[in-house]
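For the numbers below, each heavy atom of this structure counts, side chains included, while hydrogens, waters and symmetry mates do not. Note that the structure is a prediction, hence the values are computed from the model and not measured. Each chain gets a letter, A, B and so on, in the order its sequence line appears, and its residues count up from 1.
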2 protein chains.
Amino acid sequence: MAPTPKLLVVEDDPNLGALLAEYLRVKGFEVDLRADGEAGLQAFRGAAEAGGRYDLLLLDVMMPVKDGFTLAREIRRLDAQAPIIFLTAKSMKQDTIQGFQAGADDYLTKPFSMEELVLRVHAVLRRSAGLGLGIEQPQHHTIGSYTFDVRKQLLRRGEEERKLTTKESELLRLLCLHRNGLLERRQALREIWGDDNYFNGRSMDVYIAKLRKHLREDPEVEIINIHGQGFRLAAREQA
Amino acid sequence: MAPTPKLLVVEDDPNLGALLAEYLRVKGFEVDLRADGEAGLQAFRGAAEAGGRYDLLLLDVMMPVKDGFTLAREIRRLDAQAPIIFLTAKSMKQDTIQGFQAGADDYLTKPFSMEELVLRVHAVLRRSAGLGLGIEQPQHHTIGSYTFDVRKQLLRRGEEERKLTTKESELLRLLCLHRNGLLERRQALREIWGDDNYFNGRSMDVYIAKLRKHLREDPEVEIINIHGQGFRLAAREQA
DNA sequence: GGCGATCAACGTGTCGTTAACGTTCGACGG
DNA sequence: CCGTCGAACGTTAACGACACGTTGATCGCC
């Protein structure tokens, strides 16, 4: 997921579709937009034939020509692990919705906020990153004498157990993935904050400070700044 | 359970059935799919005659020809310890659901996420591995010094015995399934309430409070909030 | 009416951002 | 080398937004 993730949005409402595509592009995604299921399927096929691949599919459920669920089924036949997020309408009956939702990696009920959408997209991409290669995203890191549980946002050292906030956790997670290497400022900012402006940069520095505080009981663990570049988590893998 | 576990999925909705089967195959299971109870029974018999055996059955409850519950009873006559997970609809009455629970190792309420399904499948397989004789897996949990009977909705501690309401019981059940792990807010809301809006969220908080009250006699049992993520039931498995 | 579930309201705590100010870094000219 | 300066970074505190906890009222259904 290092470069810009590629999304396919299939949404028949042209207004909403354009809005979604535009917003997601601003947030740093590459977006293809199609207006119905048939066109969506063609886009998916086209990408596959061109040797490419969508990282994530956003499918409206209620569409003319071919609904989102049917489309999902056909796509899953081509690529069974393509991550899919459904966009469902509030007005749908629970019963009819059930089937759709069951096959999704996630789903959003309209109306939803753009912010919420981006959050979900990131979550699903993170989960499915490296899935095809059978590389499970580690849920658990060892940092010197600490252990860090990503999902539970918990940092343990012996009996001590600290709850981390979401941002602390996300940042520490990225640092762990680049352990003893360089975590670039921009990359971290874009992945966690979605945008690297001045203020987000300051915010990130605040969180670096918080993490250093959390980790300072083990003198062998350090978060080192590389001026103008980023940060490096210096720590050995095993206690 | 060392090699690929073999599952039988019986689901009349062809869309959902295909999705389930494909997803589970991607996740490393061998999957047979049947569209109604009668066909499901034949598949089960066929496997037995061929000297084989399914490791787990996933049965939709509402099906034409032969519903999931009837099918389960007939299968249990042939193999009393066949692990079974039911797929139930939200719209079902609680009463009938409780009947199903009696014969189930677990059940999922539609809509559920694929992730959740795989989690439960693994859990049941783990439990049923090396189970020995045809002991029906009782649907009850140990929570610190409490025991929780899901079917009877009873929470016991020593001589004390509290009746739980339906919602209390469902919520506690989900917490138990994720014991010491994270039960995501959205997931719980969707599974129990069917929708995660503001008010359902408040409602769930009300029930979390009630459960904490029920469980506060054992100081080692805690329901911990993970801000913005969900809840964690911290408790040891055995008293 | 009694009970369970939801709704509404309000208090409390947590989180993330921002501001403010201090410190370090590195380039550059003397 | 050394001194200077601006930019980048470090840290703390404060604030606003919002998630959570709790209580009591209300609704709907035996």
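If you take CD1 of B:Ile226 and C1' of D:dA19, they are 14 Å apart, rounded to a whole angstrom. When rounded to the nearest whole Å, the span between CD1 of A:Ile223 and P of D:dC9 equals 14 Å. Atom-to-atom, OH of B:Tyr198 to C1' of D:dA17 comes out at 13 Å; the value is rounded to the nearest Å. Between B:Met204 atom CE and D:dT22 atom P the separation is 14 Å, expressed in whole Å. Remark: C1' of D:dA8 and CD of A:Gln229 are 12 Å apart, rounded to the nearest angstrom. B:Ile208 has its CD1 atom 13 Å from the C1' atom of D:dT22, to the nearest Å. The separation between A:Glu168 atom CD and D:dT11 atom P is 14 Å, rounded to whole Å. Nucleotide D:dC20 holds its C1' atom 7 Å from the CZ atom of B:Phe231, rounded to whole Å.
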Report summary line: A correct dot-bracket answer for DNA chain C, with pairs being Watson-Crick or G-U at under 3.5 Å, [ ] for crossing pairs and | for inter-strand pairs, is ||||||||||||||||||||||||||||||

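Residue A:Glu222 qualifies as open at atom CD: its count of foreign heavy atoms under 6.0 Å is 12 or below. At most 12 non-hydrogen atoms from other residues, nucleotides or ligands lie less than 6.0 angstrom from CZ of A:Arg190.
For the atom pair CG (A:Asp13) and CG (A:Asp60), the distance works out to 8.5 Å, reported to the nearest 0.5 Å.
Side chain of A:Asn180 to main chain of A:Ala235: a donor-acceptor pair is present (N/O by atom type, distance under 3.5 Å, no hydrogens or angles). Without hydrogens or angle criteria, A:Lys152 side chain to B:Ile226 main chain gives no donor-acceptor distance under 3.5 Å.
A residue-by-residue look at B:Asn200 and A:Asn197 shows that B:Asn200 has its nearest nucleotide of DNA chain C further toward the 5' end. Each of A:His227 and A:Asp205 has a nearest nucleotide on DNA chain D; the 5'-most of these lies closest to A:His227. Comparing A:Trp193 and A:Asn225 by the nucleotide of DNA chain C that holds the closest heavy atom to each, the one mapping nearer the 5' end is A:Trp193.
Residue pairs meeting the side chain to side chain donor-acceptor pair (under 3.5 Å) criterion with at least one partner in residues 201-218 of chain B, sequence neighbours excluded, are B:Ser145-B:Asp218, B:Arg162-B:His214, B:Arg162-B:Glu217, B:Glu168-B:His214, B:Arg185-B:Asp205, B:Arg202-B:Asp205.
Note that the first and last nucleotides of DNA chain C, 5' to 3', having any atom under 4.0 angstrom from a heavy atom of chain B are C:dG4 to C:dC15.
The side chain of B:Arg185 places an N or O atom within less than 4.0 Å of a non-bridging phosphate oxygen (OP1 or OP2) of D:dC20.
Using a cutoff of 4.0 Å between basic side-chain nitrogens and carboxylate oxygens, A:Arg25 and A:Glu30 are not scored as salt-bridged. Ionic pairing of A:Glu116 and A:Arg120 is present here: one or more N-O contacts between side-chain nitrogen and carboxylate oxygen are shorter than 4.0 angstrom.
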